[in-house]
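Numbered from 1 within each chain, the chains take letters A, B, ... in sequence-line order.
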2 protein chains.
Amino acid sequence: MRWEDLDRECCSLARTLSVVGDRWTLMVLRECFLGMRRFEEFEARLGIARHVLADRLKKLTEAGVLTKRAYQERPRREEYRLTDKGLDLYPAILALVQWGDRHMAGEAGAPLLRVHKSCGHAMRGVMVCSECNEPIVARDVRVEPGPGAVEGALPAMVRAR
Amino acid sequence: MRWEDLDRECCSLARTLSVVGDRWTLMVLRECFLGMRRFEEFEARLGIARHVLADRLKKLTEAGVLTKRAYQERPRREEYRLTDKGLDLYPAILALVQWGDRHMAGEAGAPLLRVHKSCGHAMRGVMVCSECNEPIVARDVRVEPGPGAVEGALPAMVRAR
DNA sequence: CATATCAGTTCTGAAAAGAAACTTATTGGC
DNA sequence: GCCAATAAGTTTCTTTTCAGAACTGATATG
């Protein structure tokens with residue numbers, strides 16, 4: 001299976017991974033969320049091979065996650081910014097970071113704290129149910145075919161319920 | 001840079017990605033959250049090469065995300081289950097899936113619906129602030145050095161604030 | 001006019017993935 | 001007893017992708 005074909009799969013995770021399901025891509029996005037915008041910033045901070053960085057920035061731009069805009073002419077220099085679609089990835093990246101804070105940090109603790117500007121507190125993100133506002137745990141969620149479901153693509157245990 | 005070294009990086013995202021930052025790994029975890037446990041189930045549903053699957057299951061087990069347990073002796077057959085550490089990845093995977101539902105689904109809509117068993121409603125997960133319970137958007141979060149911070153590892157714009 | 005900056009591209013060897021056959025242990029049918 | 005089937009891998013071989021380093025091109029600076 002080629003990863004480019006994943007965007008035609010009937011699975012939102014596969015479709016998402018066809019865009020961001022790559023280590024370097026996610027690391028580049030982390031830098032974007034920390035305010036980085038320029039090619040050399042990404043390179044210096046990540047230690048990524050330049051052609052891989054160029055490739056990831058191009059793909060993210062084509063996918064509409066980043067936009068490329070000139071920040072100066074003569075010589076023309078471009079920078080990359082998150083689009084609204086890109087900014088929407090924040091919960092996913094925050095969830096991954098928090099899992100690392102919790103399960104992969106040493107005794108020292110989390111390397112970064114996040115402060116919610118609007119309330120002023122150091123915070124964690126908590127996934128809650130849009131309907132009852134209670135925190136979500138995996139065992140409390142059941143899956144059903146949705147409007148975009150394709151026959152045969154669901155696992156037997158989902159169909160059976 | 002080798003990805004195996006990422007777990008020693010001073011960045012929780014890098015540390016997380018050293019464990020789950022691989023397309024196949026995340027697809028395997030999706031199957032785990034859908035209730036799959038056996039080697040052949042993973043293989044049949046994902047179309048993954050067998051030695052790649054064996055490698056990912058081994059790494060996830062070593063990382064403590066899955067546990068291997070025999071579901072029968074003679075012949076001995078093993079299955080893989082999510083540990084608590086693995087179940088903790090649910091918010092991250094849900095966030096990725098929902099991004100796909102929102103930005104990558106066709107006109108047909110999301111392939112799956114998720115039902116919150118405890119309240120009975122079809123739901124989305126919403127990332128809210130642990131302190132004020134308001135939904136989190138990227139622009140509303142500021143980063144500060146945490147207890148596990150390492151000098152020089154923070155971007156200039158974080159140090160400057 | 002040599003050097004520096006920034007955003008890339010090109011080249012080459014190494015690592016990882018894909019496809020398919022092979023292995024091991026055991027049960028069930030003929 | 002022998003053959004096929006099942007499940008969970010392992011091995012082998014080929015193709016693709018990746019990492020590292022050097023090179024390019026437009027412009028500004030000393």
Looking only at side-chain N and O atoms, does [X] come under 4.0 Å of OP1 or OP2 in [N]?
X: W24(B); N: dA16(C); answer: no
X: K58(A); N: dT9(C); answer: no
X: R56(B); N: dA17(C); answer: yes
X: Y71(B); N: dA8(D); answer: yes

Checklist entry - With a 4.0 Å cut-off, would you call E79(B) and K68(B) a salt bridge? => result no
Checklist entry - In terms of side-chain geometry, is the basic nitrogen of D101(B) or R114(B) positioned less than 4.0 Å from the acidic oxygen of its partner? => result yes
Could you tell me the separation between the [atom1] atom of [X] and the [atom2] atom of [N], rounded to a whole number of Å?
X: L57(A); N: dT9(C); atom1: CG; atom2: C1'; value: 14 Å
X: E40(A); N: dT9(C); atom1: CD; atom2: C1'; value: 14 Å
X: I48(B); N: dT10(D); atom1: CD1; atom2: P; value: 14 Å
X: D55(A); N: dT17(D); atom1: CG; atom2: P; value: 10 Å
X: E78(A); N: dT9(C); atom1: CD; atom2: P; value: 11 Å
X: Q72(B); N: dT26(C); atom1: CD; atom2: P; value: 10 Å
X: R37(B); N: dA8(D); atom1: CZ; atom2: P; value: 13 Å
X: L53(B); N: dT11(D); atom1: CG; atom2: C1'; value: 16 Å

Checklist entry - Under 3.5 Å, is there an N or O donor on one side and an acceptor on the other linking the side chain of R50(A) and the base of dA7(C)? => result yes
Can you identify which nucleotide, out of [options], has its nearest atom closest to the [X] side chain?
X: K68(A); options: dG9(D), dA16(C), dG8(C); answer: dG8(C)
X: R38(A); options: dG20(D), dA7(C), dA7(D); answer: dA7(C)
X: A54(A); options: dA8(D), dA19(D), dT9(C); answer: dT9(C)

Touch check for [X], heavy atoms < 4.0 angstrom, all strands: base, sugar-phosphate only, or nothing?
X: Y80(A); value: sugar-phosphate
X: D22(B); value: sugar-phosphate
X: E43(A); value: nothing

Any sub-3.5 Å donor-acceptor pair from [X]'s side-chain atoms to [Y]'s backbone N or O?
X: E31(B); Y: L34(B); result: no
X: R23(A); Y: G21(B); result: yes
X: S130(A); Y: M123(B); result: no
X: Q98(B); Y: G125(B); result: yes
X: W99(B); Y: K85(A); result: yes
X: T16(A); Y: L96(B); result: yes

Identify all pairs in which a protein N or O lies below 3.5 Å from an N or O of nucleotides 24-28 of chain D, and state each distance.
unit_1	atom_1	unit_2	atom_2	d
dT27(D)	O3'	R74(A)	O	3.2
dA28(D)	OP1	R74(A)	O	3.1

Item to check | Candidate pair E41(B) and R45(B), rule salt bridge (Lys or Arg N to Asp or Glu O under 4.0 Å), full reasoning | outcome: CA-CA 6 Å; E41(B) 287 176 326; R45(B) 289 180 40 79; over 6 Å; no
Next on the checklist: To the nearest 10°, give me the bend of the helix from dC1(C)-dG30(D) to dC30(C)-dG1(D), comparing the axes of its five terminal pairs at either end.
Outcome noted: 10°
Checklist entry - Could R69(A) and Y80(A) be counted as a cation-pi pair, given that NZ or CZ must be under 6.0 Å from the ring centre and within 45° of the axis? => result no
